[in-house]
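In what follows, chains are A, B, ... by sequence order, proteins preceding strands, each numbered from 1.
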Amino acid sequence: MKEDFTTYKVKDLLKLKDFGKEINLKGWVRTKRGNKQVAFIALNDGSIIHNIQIVADLEKFDEEIMKLVTTGSCISVNGILVESPGQGQPVEIQAKNIEVYGTADATNFPLQKKGHTLEFLREIAHLRPRTNTFGAVLRIRHAMSFAIHKYFNDNGFYYLHAPIITGSDAEGAGAMFQVTTLDLDKPPRTEESAVDYSKDFFGKRTGLTVSGQLEAELGAMALSLVYTFGPTFRAENSNTPRHLAEFWMIEPEMAFYDISDNMDLAEDMLKYLVQYAIDNCYDDLEFLNKMYDTELIDRLKFIIENPFERLSYTKAVDILMASGQKFEFPVSWGADLQSEHERYLVEKHFHKPVILTDYPKEIKAFYMKQNDDGKTVRAMDVLFPKIGEIIGGSQREEDYEKLLNRIHELDIPEKDVWWYLDTRKYGTAPHSGFGLGFERLILFITGMANIRDVIPFPRTPQNAEF
RNA sequence: UCCUCCCUAGCUCAGUUGGUUAGAGCAUCUGACUGUUAAUCAGAGGGUCGCUGGUUCAAGUCCAGCGGGGGGAGCCA
């Protein structure tokens with residue numbers, strides 16, 4: 001927008017020392033205080049968690065205009081940058097002119113100066129980005145997205161765009177949302193009266209992706225190092241603080257990596273991302289540390305400084321059985337570990353992130369590389385304090401016969417995965433990969449407790465508002 | 001989906017063994033104050049106690065069903 005004065009972001013103004021400089025800034029009013037002579041307006045434009053203080057000598061301003069400057073309103077200010085005589089801020093703006101872009105009726109604007117519960121803010125998700133908490137979370141979320149692309153780019157990976165609509169449910173990662181253009185009131189029927197999907201848009205039954213992994217493997221068999229980073233959908237009726245129906249997932253896939261290389265990558269990437277947050281989002285982390293989780297920054301630093309504990313599923317089961325700990329679910333070799341077991345290992349036994357490997361094949365997916373013992377597969381799960389499984393991955397089975405046998409054992413229709421099997425037929429290669437839940441990463445980085453508070457507009461069962 | 005807890009003013013909550021006209025802080029409005037920092041001080045307005053039914057002389061309070069939300073579990077990332 002054309003202005004006489006140059007427009008600045010609050011983030012830059014707070015660092016500026018050009019006292020006397022004429023500037024313009026635009027943003028949303030957080031609070032207004034004052035008396036008959038002078039008003040103090042705390043303005044925030046989302047560029048940084050801090051507000052900047054606007055000082056308005058009321059004799060210079062139309063009373064009617066100043067009445068419109070209320071919590072939540074949007075204004076543009078022309079003024080002079082001055083050193084602040086008051087406590088609490090290095091600089092402030094002596095206002096010369098205030099233009100009100102948008103009012104916010106104080107009697108019904110839901111956000112107040114006081115703190116709100118996160119549950120209440122979820123009900124007004126259209127306005128919660130204007131709070132300090134969500135400003136911090138959303139800036140960190142952005143920084144982590146950027147850092148993920150930077151990390152992979154700097155390490156020779158290529159960003160592969162896996163499809164969102166897919167006809168393959170072969171991975172069995174979860175229930176799919178169906179995608180169709182058929183008339184649900186009267187769909188076309190076959191002679192056997194089943195729904196005739198050959199008449200559907202794609203000529204077959206399709207759904208939203210539950211994982212880009214299979215497609216990522218196809219890419220890795222050409223570009224060597226690839227990753228996907230996109231939305232992922234699970235139509236599970238999951239009601240927990242760790243699950244969303246629509247979430248974002250990062251799935252690197254690497255040719256010529258074995259399970260050990262895979263673990264090295266996972267650990268290095270997670271540490272890189274934590275370090276990136278500390279280096280680039282410290283103001284926001286400090287705020288979250290103060291308001292929600294006083295151990296947050298210490299925990300982040302601890303992650304960077306200590307190697308993750310790596311051990312096999314079998315050893316983990318031994319430790320759990322020898323622990324003398326009373327678990328709600330008994331531990332036995334062959335059963336999947338429960339949340340309480342994972343938490344015990346991470347939070348009570350090792351006191352640091354744990355990578356578990358070599359799980360029984362029965363409890364893992366068909367594509368994982370089979371070990372020589374005939375019982376286990378080269379899976380790896382990275383378990384983090386507070387949030388549990390943050391990464392699930394494996395070395396993949398590259399042997400055509402072994403993979404085919406496993407597919408038959410599990411009754412997966414061969415016609416659905418012929419293209420996947422083809423990669424093992426033509427120039428197969430040892431390879432590995434994993435999936436990192438983006439929102440779970442953000443949970444860990446921000447110290448937030450509920451996954452619905454680290455995505456702008458959460459999608460969960462019975463909730464697609466906003 | 002299962003277990004469990006919660007639902008009282010715009011927000012956060014109190015409300016005794018069931019008993020007069022349901023309270024507080026903050027927010028809002030009005031007024032006071034020459035620089036405030038979640039400003040302060042004084043006053044005012046603001047309620048279908050989630051909804052429906054039941055027990056009772058009497059229900060915010062007890063019971064049942066329904067709805068919404070939190071936490072735990074499962075599914076997983």
Side-chain angles (χ1 to χ4, degrees), chain A residues 30-42 50-59 67 70-72 82 84-89 92 94 104-124 132 171-175 209-213 229 231-251 266 291 327-329 336-343 363-365 381-384 387-393 434-444 449-455 460-463 465:
Chain A
R30 287 294 176 79
T31 71
K32 187 176 75 172
R33 310 176 277 274
N35 52 45
K36 252 182 191 161
Q37 282 71 37
V38 61
F40 300 94
I41 302 162
H50 306 298
N51 303 326
I52 195 161
Q53 176 156 282
I54 313 289
V55 184
D57 286 321
L58 292 181
E59 60 184 12
K67 265 192 172 165
T70 59
T71 299
V82 298
S84 178
Q87 302 288 306
Q89 60 279 320
E92 62 187 31
Q94 273 296 339
D105 185 347
T107 58
N108 57 32
F109 181 64
L111 288 173
Q112 301 170 7
K113 312 178 190 185
K114 298 267 288 194
H116 291 290
T117 61
L118 294 169
E119 289 83 0
F120 174 67
L121 293 176
R122 265 172 232 152
E123 291 168 14
I124 50 164
N132 286 334
E171 204 207 341
T209 183
V210 293
S211 167
Q213 181 200 315
F229 183 5
T232 310
F233 306 88
R234 304 272 167 93
E236 306 284 351
N237 189 14
S238 295
N239 293 289
T240 86
R242 297 178 307 282
H243 289 87
L244 291 165
E246 175 184 302
F247 63 102
W248 288 67
M249 189 155 62
I250 300 107
E251 295 180 288
M291 301 301 288
F327 293 113
E328 191 186 337
F329 296 90
D336 210 350
L337 297 180
Q338 305 290 319
S339 292
E340 56 174 342
H341 305 142
E342 295 179 350
R343 267 205 309 276
I363 59 174
K364 288 294 181 183
D381 284 0
V382 181
L383 310 178
F384 257 36
I387 58 171
E389 183 179 343
I390 193 171
I391 279 180
F434 61 79
L436 166 65
F438 184 59
E439 283 75 20
R440 291 200 181 162
L441 172 74
I442 305 303
L443 274 181
F444 183 75
N450 192 311
I451 202 161
R452 293 161 199 177
D453 298 329
V454 296
I455 187 167
T460 53
Q462 297 299 311
N463 183 15
E465 195 69 49

Can you tell me how far [atom2] of [N] sits from [atom1] of [X], to the nearest Å?
| X | N | atom1 | atom2 | value |
| --- | --- | --- | --- | --- |
| A/Phe327 | B/A73 | CZ | C1' | 16 Å |
| A/Asn463 | B/G69 | CG | P | 7 Å |
| A/Asn108 | B/A9 | CG | P | 17 Å |
| A/Glu342 | B/C76 | CD | P | 11 Å |
| A/Arg234 | B/C76 | CZ | P | 9 Å |
| A/Leu118 | B/G69 | CG | C1' | 13 Å |
| A/Glu389 | B/G74 | CD | P | 12 Å |
| A/Asp381 | B/A77 | CG | C1' | 10 Å |

With a 4.0 Å cutoff (strictly under), does any side-chain N or O of [X] reach OP1 or OP2 of [N]?
| X | N | value |
| --- | --- | --- |
| A/Arg440 | B/C76 | no |
| A/Asn450 | B/G71 | yes |
| A/Gln338 | B/G74 | yes |
| A/Thr117 | B/U12 | yes |
| A/Arg242 | B/A73 | yes |
| A/Ser339 | B/G72 | no |
| A/Arg122 | B/G70 | yes |

Could you run down nucleotides 42-52 of chain B 5' to 3' and tag each one B, S or - for protein heavy-atom contact under 4.0 Å? -----------
Footprint string (nucleotides 23-36 of chain B, 5' to 3'): B base within contact, S backbone only, - free, heavy atoms under 4.0 Å: ---SSSS--SBSBB
Whether the side chain of [X] engages the backbone of [Y] through a donor-acceptor N/O pair (distance < 3.5 Å, no angle test) should be reported.
| X | Y | result |
| --- | --- | --- |
| A/Gln213 | A/Phe434 | no |
| A/Glu342 | A/Glu340 | no |
| A/Arg440 | A/Arg242 | yes |
| A/Thr71 | A/Arg30 | yes |
| A/Asn450 | A/Arg452 | yes |

Across the strands shown, which category fits [X] at heavy-atom distances under 4.0 angstrom: base, sugar-phosphate, nothing?
| X | answer |
| --- | --- |
| A/Leu441 | nothing |
| A/Ile390 | sugar-phosphate |
| A/Arg30 | nothing |
| A/Phe120 | sugar-phosphate |
| A/Thr31 | sugar-phosphate |

Taking the side chain of A/Pro241 as its heavy atoms from C-beta onward, which of B/G71, B/A77, B/C11 lies nearest to it?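 From the listed options, B/G71 comes nearest.
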Measuring only the [atom1] atom in each nucleotide, how far is [N] from [M]? A whole number of Å is fine.
| N | M | atom1 | result |
| --- | --- | --- | --- |
| B/U16 | B/C62 | C1' | 15 Å |
| B/C57 | B/G18 | P | 16 Å |
| B/A59 | B/C63 | C1' | 11 Å |

Dot-bracket notation for RNA chain B is requested: 5' to 3', Watson-Crick or G-U wobble pairs only, both distances under 3.5 Å, with ( ), [ ], | and . as defined. (((((((..((((.....[...)))).(((((.......))))).....(((((..]....))))))))))))....
